[in-house]
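Letters A, B, ... mirror the listed sequences (proteins, then strands); counts begin at 1.
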Number of protein chains: 2
Amino acid sequence: MANIHDIAKKAGVSVTTVSRVLNNHKYVSEEKRIAVQNVIDEFNYTPNRNAIDLIRGETRQIGVIIPYNNNQAFDQMLHGILNKSIEHEYSVIVLPTTYDAKKELEYLSMLQTKMLDAVIITSRSNNWEAITPFTKYGPIISCEYTDFSEIGCSYIDRYTSYVEAFYLLKERGHERVAFTTAREMESKSTIQTFTAYEEVFGKPSGDYVIFNCYSMQDGYRAAQKLLHIKEKPTAIYANGDEVAAGIYQYAISIGMHIPRDVALLGQENQPIGEALAISTVDHQLIQAGEQAFELAIKKSKDKIKIPYQIIHRSSI
Amino acid sequence: MANIHDIAKKAGVSVTTVSRVLNNHKYVSEEKRIAVQNVIDEFNYTPNRNAIDLIRGETRQIGVIIPYNNNQAFDQMLHGILNKSIEHEYSVIVLPTTYDAKKELEYLSMLQTKMLDAVIITSRSNNWEAITPFTKYGPIISCEYTDFSEIGCSYIDRYTSYVEAFYLLKERGHERVAFTTAREMESKSTIQTFTAYEEVFGKPSGDYVIFNCYSMQDGYRAAQKLLHIKEKPTAIYANGDEVAAGIYQYAISIGMHIPRDVALLGQENQPIGEALAISTVDHQLIQAGEQAFELAIKKSKDKIKIPYQIIHRSSI
DNA sequence: CTGAAAGCGCTAACAC
DNA sequence: GTGTTAGCGCTTTCAG
């Protein structure tokens, strides 16, 4: 509707002066400032953000790449990011990929089109070689550790945490331990889980690992397999509390007792795990999200490690 | 970096021609089209979105007002909205209010600044009189029914659903029924719950209703009160499955059996409810979100009712 | 303290 | 088919 020229004309000043009062510049006489403000109020005028963004070359919008938006773990990181975005007056755009590498690249190119000031990657499909070129257009922050110096990281030291979790299970007397992972071997956290497992127990038997677990249902299905192996595992390390809950549910349904018949350890300290009293490794994802946001707006390439903690409940 | 002029100059054509190939206009000779495309590829050029948005007067960005971003119910709606946004090539900006009315108004004014093409309100703090003026700047869609003709609605018929839920409990022989709600009496769904309750059971006794329940912990605390009343309720209708899970957890912890000692009915068919086999009223929030998005981009002011369904499990 | 004017990067009449 | 040009709405030198 009304633009800055209309305001200027009506107030009998130049657009420059209007711009000055809009941006609280000094060197505007109180008289004109009031005159302009009156017209602004009268017209209920608000400056056009696109024009400002165009000229400033920034939008105060940051994008968050997540694979699924209905996954508790990513929601936690998003939660942390949103916390900080409000504090710093940024807007956040949610960019769900369903692990589609092409879509991920499209999202990254929103840096180049100047639509986004920065992007935070909570989980990725492309390799870093494909991602880093986009840092030329704006900061890219990862919630996973990477050596690439162009990428700032607010990361979880998953390897250490996995090793500790497996040792914990071992200490409790478990030798036959199974685990679930979110993705196949192309994912770093899956590989880390494997490596940590090997360090503690040696190479995992093929039927002790179940891939592609995201939801409770996936956990349920995993348990259907794991708990019917002849040499069935005495403990299961799930890659999330929802998955653990599914395992729990199935175990109970076939009359097993937890932890007597099978011990269960989850991840991320989600409400459902609390409800079922499942012990869990809390990677403090909210904090990871908050830190990621800070790195993003600072255009920092630091590598910040987020501490984890094990929460003991009654499932192991 | 490079802009459309650079491309034009390098390709030996006018900016118009470049713009034409960018937007797949016809009436560009194959020869020039190729020449331009080559330069575009060579420079890895992408048009600036702010410039385009400025001139077009739209951003293909829609905002979603939610109170909390870590609440399963709102996540479900957001999920539906994101589904459709990808399909239609829109971006979605998450706008968490924590029920701060002032912040909500600020978000609404993003329509006026032309930052957003539309906004979807999943839950509001302001009254409609304060909200409707913003429809002058762009479509506002509500996930709650309202008579205001300026507002499109993709709504749940909560009143009917609540009545049915309470009748169901009554049929099962329950006379002393308690319930939880998310907010105090200023919220429409709270009022609807009250009215529905009255229709079925008459005026609720004050200690049979617990306000401000959002999370499992809130449910736990609600149960701590409800299950220690002398005339304790024989059934509880929770305002979400997470809340129901908290109630479940506390009931179990004091040795009660569900549904024998207390029946439990949840809402929204969330994973946690499935895990605990809690019967639930599924308001199909994902679908509500999808429909809301469709209304938003169609600039429709239709009032669409989303059907609900009761899922029978073993908690009642 | 104030304003004219030159852009930011792009689209779309309009003319040729 | 193609190019010239006038904006979109704002910020920011640069002169007064």
Counting any heavy atom closer than 4.0 Å, what does [X] reach on the DNA or RNA strands: base, sugar-phosphate only, or nothing?
X     : result
A:V13 : sugar-phosphate
B:N23 : sugar-phosphate
A:D53 : nothing
A:K32 : sugar-phosphate
B:I52 : sugar-phosphate

Less than 3.5 Å between a donor and an acceptor, one on the side chain of [X] and one on the base of [N], is that the case here?
X     : N      : answer
B:R49 : C:dG9  : no
A:S29 : C:dT2  : no
A:R20 : C:dG3  : yes
B:S19 : C:dA12 : no

Using whole Å, what does the distance between atom [atom2] of nucleotide [N] and atom [atom1] of [X] come to?
X     : N      : atom1 : atom2 : value
B:Y27 : C:dC14 : OH    : P     : 17 Å
B:I55 : C:dC10 : CD1   : C1'   : 5 Å
B:E31 : D:dT2  : CD    : P     : 8 Å
B:N3  : C:dG7  : CG    : P     : 12 Å
A:L22 : D:dT12 : CG    : C1'   : 14 Å
A:R56 : D:dT13 : CZ    : C1'   : 15 Å
B:L54 : C:dC10 : CG    : C1'   : 8 Å
B:I7  : C:dT11 : CD1   : P     : 13 Å

Side chains of B:Y155 and B:T146 only: does a donor on one sit below 3.5 Å from an acceptor on the other?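 Looking only at side-chain atoms, B:T146 and B:Y155 do not form any donor-acceptor pair under 3.5 Å.
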
Consider only side-chain N and O atoms of B:N212 and B:E184, and report whether a donor and an acceptor are under 3.5 Å apart. yes

Phosphate oxygens OP1/OP2 of C:dG3: is one of them under 4.0 Å from a side-chain N or O of A:T17? yes

If only side-chain N and O atoms of A:S14 are considered, is one of them under 4.0 Å from the OP1 or OP2 phosphate oxygen of C:dG3? yes

Does a sphere of radius 6.0 Å around CD in A:E129 hold more than 12 heavy atoms from other residues, nucleotides or ligands, not counting ones at 6.0 Å or beyond?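 Counting other residues, nucleotides and ligands, CD of A:E129 exceeds 12 neighbours.
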
Could you check if a side-chain atom of B:K136 sits within less than 4.5 angstrom of a side-chain atom of B:E150, using non-hydrogen atoms only?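 The answer is no; the side chains never approach within 4.5 Å.
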
Checking contacts here: which listed nucleotide (C:dT11, D:dG1, D:dG9) is nearest the side-chain heavy atoms of A:N48?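 From the listed options, D:dG9 comes nearest.
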
Could you check, using the six-membered ring where one of them is a Trp, whether B:Y68 and B:F74 have ring centers closer than 6.0 angstrom? no

